[in-house]
Amino acid sequence: MTESAGTADLEMVCQKYEPVIGLETHVELSTNSKMFCGCPAHFGGEANSHVCPVCLGLPGSLPVANRAAIEATIRIGLAMNCQIASRARFARKNYFYPDMPKDFQISQYDEPLCTGGYLDIWVGEGANRDRFRVGITRVHLEEDTGKLTHGGETGRIHGASYSLVDYNRAGVPLVEIVTDPIVGAGERAPEVARGYVAEVRELMRALDVSDVRMEEGSLRCDVNVSLAPRGSSVWGQRTETKNVNSLRSVARAVRAEMTRQAAVLDSGGVIVQETRHFHEDTGETTGGRIKEEAEDYRYFPEPDLAVVAPDPVWVNELKANSPELPSAKLERLGAEWGFEYEQMREIANAEAVELVRETIELGVAPTDSRKWWMGELARRANESETDLLALGVSAKDVATVATAINNGELSDALGRQVFEGVIAGEGSADQVIKSRGLALVSDSGALQRVVDEAIAANADVAEKVKQGKVSAVGVIVGAVMKATQGKADAAAVRKLVMNSLGVSD
Ligand code: ADP
Ligand code: MG
Ligand code: ZN
């Protein structure tokens, strides 16, 4: 079977087959220290500098579980409506790979911390927007592995002439969230998968347990897909696609597997249970290794760690302090501010919810707050390939500008100049307004003089306007704006010119 066999359209695929998907999401926790030792858990650092006998698995060393990681896992489980085990246990998952110094990973197997929850997501837009409930099988805690870098021309393991290993990441707390098989999404399966991972990412941010950067690998996703003939009571064989590094890729990987599997099945082939690899460049998946079964890992309870028995009082406290779910929060704020859900999603995607909220709290109208953050400022962030938070503009700056415009002290154009100064590092909006001398000519006598001069200098145009060619007034307004170096409010100037000429609109 060739990789390019999958050309069938998604709609056609779903007329014949019912897709089932399952998502395994790994979230690297942003605790100070690693899961079972005191080494720093943060990203980066000189290779093999965040290591000790425990995370290197040296003989005689003993692990101790990180309480903050257990707490974060329970908070994730609670936010996903899971049962929190009164007794959970770590287990050894045995396999040999050079990124794992101990040759076993401490994970959780048959006694995970959290089980049986769900997460509600929204898919579709406008009238087609639906809530979709994704069942959560389990949320468990484990440790991350180290990182291999393959040297040689390919940069991949195949064809590498040497490989380097960095154990800084080995032992960093890792939470795995496994969904129940998701049935009934049909051709919306790619969108559901993407929406789910996006919601998980937002949720982790709301819980403040991880920086969830897919590019840096602190949020990773494996995508399981199978197809069964419509009406069949048995699910098809699944494949598990790894290396899915962005939300867009999650959707693409599901789509690619659906079309590929349909083509295989259509031509009488069979799907083998295997792990596959997603390629960002081609949008296709290629076959990997045949999937291990659980028994291949020879799981057994970790003898060096005590049973985890979370105090129910503590769990209840954590539950009481659960943050609002991200989609519910968008729903609520949208209603409060008078925005459509899609507009709220856009704000959320730009990571601007808090910025917009703070600005509104400083007294700015929601539409103005949104206009500046999602318009001019988003454009500038985009231009300099950074995000809104890193732009250096604060909610206070936006409030200063919006208020000044409201009070007739600035125009939109001058407001944009203020932000230009703030972004260039000239200080706060207040400071830029002062240092650049940005203020509308508010002395009406002074402005009237400029208007009179402009009318005199454009006598022929003025005559045309008087005779009814109102559109020509732009020439005179332009002359006034030029004379004031843009420091007049164009609408007010227009009114003044019209009045002076004795014409009305
Ligand atoms: P493994 O570690 O072997 O991948 P897990 O149980 O951790 O197994 O995860 C398997 C994932 O695949 C889960 O999300 C599960 O819901 C999903 N899944 C199970 N059966 C199917 C299937 N037939 N088609 C698609 N997804 C499936
Ligand atoms: Mg798994
Ligand atoms: Zn260590």
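Computed over heavy atoms, backbone and side chain alike; hydrogens, waters and symmetry mates excluded.
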Worksheet item: For atom CG of Asp304, is the number of surrounding heavy atoms from other residues, nucleotides or ligands below 6.0 Å larger than 12?
Response: yes
Fill in: Donor-acceptor pair, side chain of Ser61 and main chain of Pro53, under 3.5 angstrom
yes
Response to the item:
Glu383 meets the salt bridge (charged side-chain N to carboxylate O under 4.0 Å, His left out) criterion, sequence neighbours left out, with Arg379
Worksheet item: So, does Lys371 use its side chain to make a donor-acceptor pair with the main chain of Glu376 at under 3.5 Å?
Response: no
Worksheet item: With a 4.5 Å limit on heavy-atom distance, are the side chains of Thr359 and Trp372 in contact?
Response: no
Worksheet item: Below 4.0 angstrom, N of the basic side chain to O of the carboxylate: do Glu361 and Lys396 qualify?
Response: no
Worksheet item: Looking at residues at least two apart in the chain, or sitting in another chain, which of them share a side-chain contact (heavy atoms from CB on, under 4.5 Å) with Leu227?
Response: Val13, Tyr17, Pro19, Met258, Gln261, Ala262, Leu265
Worksheet item: Do Lys93 and Tyr297 meet the cation-pi criteria used here (NZ or CZ under 6.0 Å from the six-membered ring centre, within 45° of the axis)?
Response: yes
Practice prompt. Provide the full list of side chain to side chain donor-acceptor pair (under 3.5 Å) pairs with a residue in residues 339-351, sequence neighbours left out, each pair given once.
Written response: none
Practice prompt. For the pair Arg230 and Glu18, evaluate salt bridge (Lys or Arg N to Asp or Glu O under 4.0 Å) and give the outcome as yes or no after the intermediate values.
Written response: CA-CA 5 Å; Arg230 280 223 161 270; Glu18 173 73 46; 2.8 Å; yes
Response to the item:
ring pair (Phe, Tyr, Trp, His ring centres under 6.0 Å) filter on His42, not counting sequence neighbours, yields His50
Discussion item. I'd like to check the side-chain contact (heavy atoms from CB on, under 4.5 Å) partners of Val272; sequence neighbours left out, ordered by chain and number.
Written reply: Glu274
Fill in: Candidate pair Glu24 and Asn224, rule side-chain hydrogen bond (donor to acceptor under 3.5 Å, both in side chains), full reasoning
CA-CA 8 Å; Glu24 297 167 74; Asn224 294 269; 2.8 Å; yes
Item to complete: Please step through side-chain hydrogen bond (donor to acceptor under 3.5 Å, both in side chains) for the pair Thr286 and His279, ending with a clear verdict.
Response: CA-CA 8 Å; Thr286 51; His279 302 273; 2.7 Å; yes
Discussion item. Are there over 12 heavy-atom neighbours, none belonging to Glu46, within less than 6.0 Å of that residue's CD?
Written reply: no
Fill in: Partner set under side-chain contact (heavy atoms from CB on, under 4.5 Å) for Leu56, not counting sequence neighbours
Val51, Leu58, Tyr167
Discussion item. Pair Glu240, Lys242 - check salt bridge (Lys or Arg N to Asp or Glu O under 4.0 Å), show working.
Written reply: CA-CA 6 Å; Glu240 180 178 344; Lys242 308 257 184 196; 3.1 Å; yes
Discussion item. Strictly below 4.0 Å, N to O, side chains only: are Lys147 and Asp166 in salt-bridge contact?
Written reply: no
Worksheet item: Do Thr115 and Ile136 have side-chain heavy atoms sitting under 4.5 Å apart?
Response: no
Worksheet item: Which residue pairs pass the ring pair (Phe, Tyr, Trp, His ring centres under 6.0 Å) test with at least one member in residues 214-245, sequence neighbours excluded?
Response: none
Fill in: Main-chain N/O of Thr145 paired with Gln105 side-chain donor or acceptor, under 3.5 Å
no
Discussion item. Are the side chains of Tyr196 and Leu119 in contact, using a 4.5 Å heavy-atom criterion?
Written reply: yes
Worksheet item: Is there side-chain contact between Val270 and Val264, with heavy atoms separated by less than 4.5 Å?
Response: no
Practice prompt. Look at Glu28 together with Arg220 and state whether they make a salt bridge at an N to O cut-off of under 4.0 Å.
Written response: yes
Worksheet entry | Row check, Phe278 ring normal vs Arg252 NZ/CZ: under 6.0 Å, within 45° | no
Item to complete: Supply the atom-to-atom distance Leu377 CG to Asn382 CG, rounded to the nearest 0.5 angstrom.
Response: 12.0 Å
Discussion item. Check this for me, if you would: do Asp211 and Arg205 make a salt bridge, where the nitrogen-to-carboxylate-oxygen distance has to be below 4.0 angstrom?
Written reply: no
Practice prompt. Ignoring hydrogens and angles, tell me if any N or O in the side chain of Asp397 forms a donor-acceptor pair with the backbone of Ser394 under 3.5 Å.
Written response: yes
Practice prompt. Check the pair Met80, Ile177 against side chain to side chain contact (heavy atoms under 4.5 Å, CB included), reporting the backbone distance first and the verdict last.
Written response: CA-CA 10 Å; Met80 294 186 155; Ile177 305 165; 3.8 Å; yes
Discussion item. Restricting to salt bridge (charged side-chain N to carboxylate O under 4.0 Å, His left out), what partner residues turn up for Glu336, sequence neighbours left out?
Written reply: Arg332
Practice prompt. Sort and list the pairs that fulfil side chain to side chain donor-acceptor pair (under 3.5 Å) and have at least one residue in residues 180-195, not counting sequence neighbours.
Written response: Asp130-Arg188, Thr137-Asp180
Discussion item. Within this structure, what is the CG-CG distance for the pair Leu207 and Asn321, rounded to the nearest 0.5 Å?
Written reply: 11.5 Å
Discussion item. Within the supplied structure, the quantity of interest is the number of heavy atoms (other residues, nucleotides, ligands) at a distance under 6.0 Å from Arg133 CZ; does it exceed 12?
Written reply: yes
Fill in: Member of Arg238, Glu257, Arg255 meeting the side-chain contact (heavy atoms from CB on, under 4.5 Å) criterion with Val225
Glu257
Worksheet item: Who pairs with Glu331 by salt bridge (charged side-chain N to carboxylate O under 4.0 Å, His left out), at least two apart in sequence or on another chain?
Response: Arg129
Worksheet, complete the sentence: dist Ile76:CD1 -> Leu141:CG (nearest 0.5 Å) comes out at 9.0 Å
Fill in: Any donor-acceptor N/O pair, Thr179 side chain to Leu23 backbone, under 3.5 Å
yes
Practice prompt. Would you check if the side chain of Arg276 reaches a backbone N or O of Thr241 as a donor-acceptor pair within less than 3.5 Å?
Written response: no
Worksheet entry | Pairwise ring pair (Phe, Tyr, Trp, His ring centres under 6.0 Å) hits with a residue in residues 74-93, at least two apart | Phe36-Phe90
Practice prompt. Run the numbers on Arg298 and Asn94 for side-chain hydrogen bond (donor to acceptor under 3.5 Å, both in side chains), then give the verdict.
Written response: CA-CA 6 Å; Arg298 306 176 327 280; Asn94 298 279; 4.5 Å; no
Discussion item. Looking at Ala69, is its backbone amide N or carbonyl O close enough to the side chain of Thr31 to form a donor-acceptor pair, meaning the two atoms are under 3.5 Å apart?
Written reply: no
Discussion item. Any non-hydrogen side-chain atom of His140 less than 4.5 Å from a side-chain atom of Leu113?
Written reply: no
Discussion item. Going by salt bridge (charged side-chain N to carboxylate O under 4.0 Å, His left out), name the residues that satisfy it together with Glu302, two or more places apart in sequence or in a different chain.
Written reply: Arg92
Item to complete: Would you sort out whether Glu111 and Arg87 count as a salt bridge (Lys or Arg N to Asp or Glu O under 4.0 Å), showing the intermediate values?
Response: CA-CA 7 Å; Glu111 295 174 85; Arg87 183 196 139 91; 3.2 Å; yes
Worksheet item: If we only count heavy atoms from C-beta on, is the Trp337 to Ile360 side-chain gap below 4.5 Å?
Response: yes
Fill in: Step-by-step salt bridge (Lys or Arg N to Asp or Glu O under 4.0 Å) determination, Asp266 to Lys16
CA-CA 9 Å; Asp266 280 349; Lys16 262 179 105 170; 2.7 Å; yes
Fill in: 4.5 Å side-chain heavy-atom contact, Cys114 and Thr73
yes
Item to complete: Evaluate the criterion side-chain hydrogen bond (donor to acceptor under 3.5 Å, both in side chains) for residue pair Glu176 and His26; output intermediate values, then yes/no.
Response: CA-CA 5 Å; Glu176 180 171 350; His26 284 97; 3.1 Å; yes
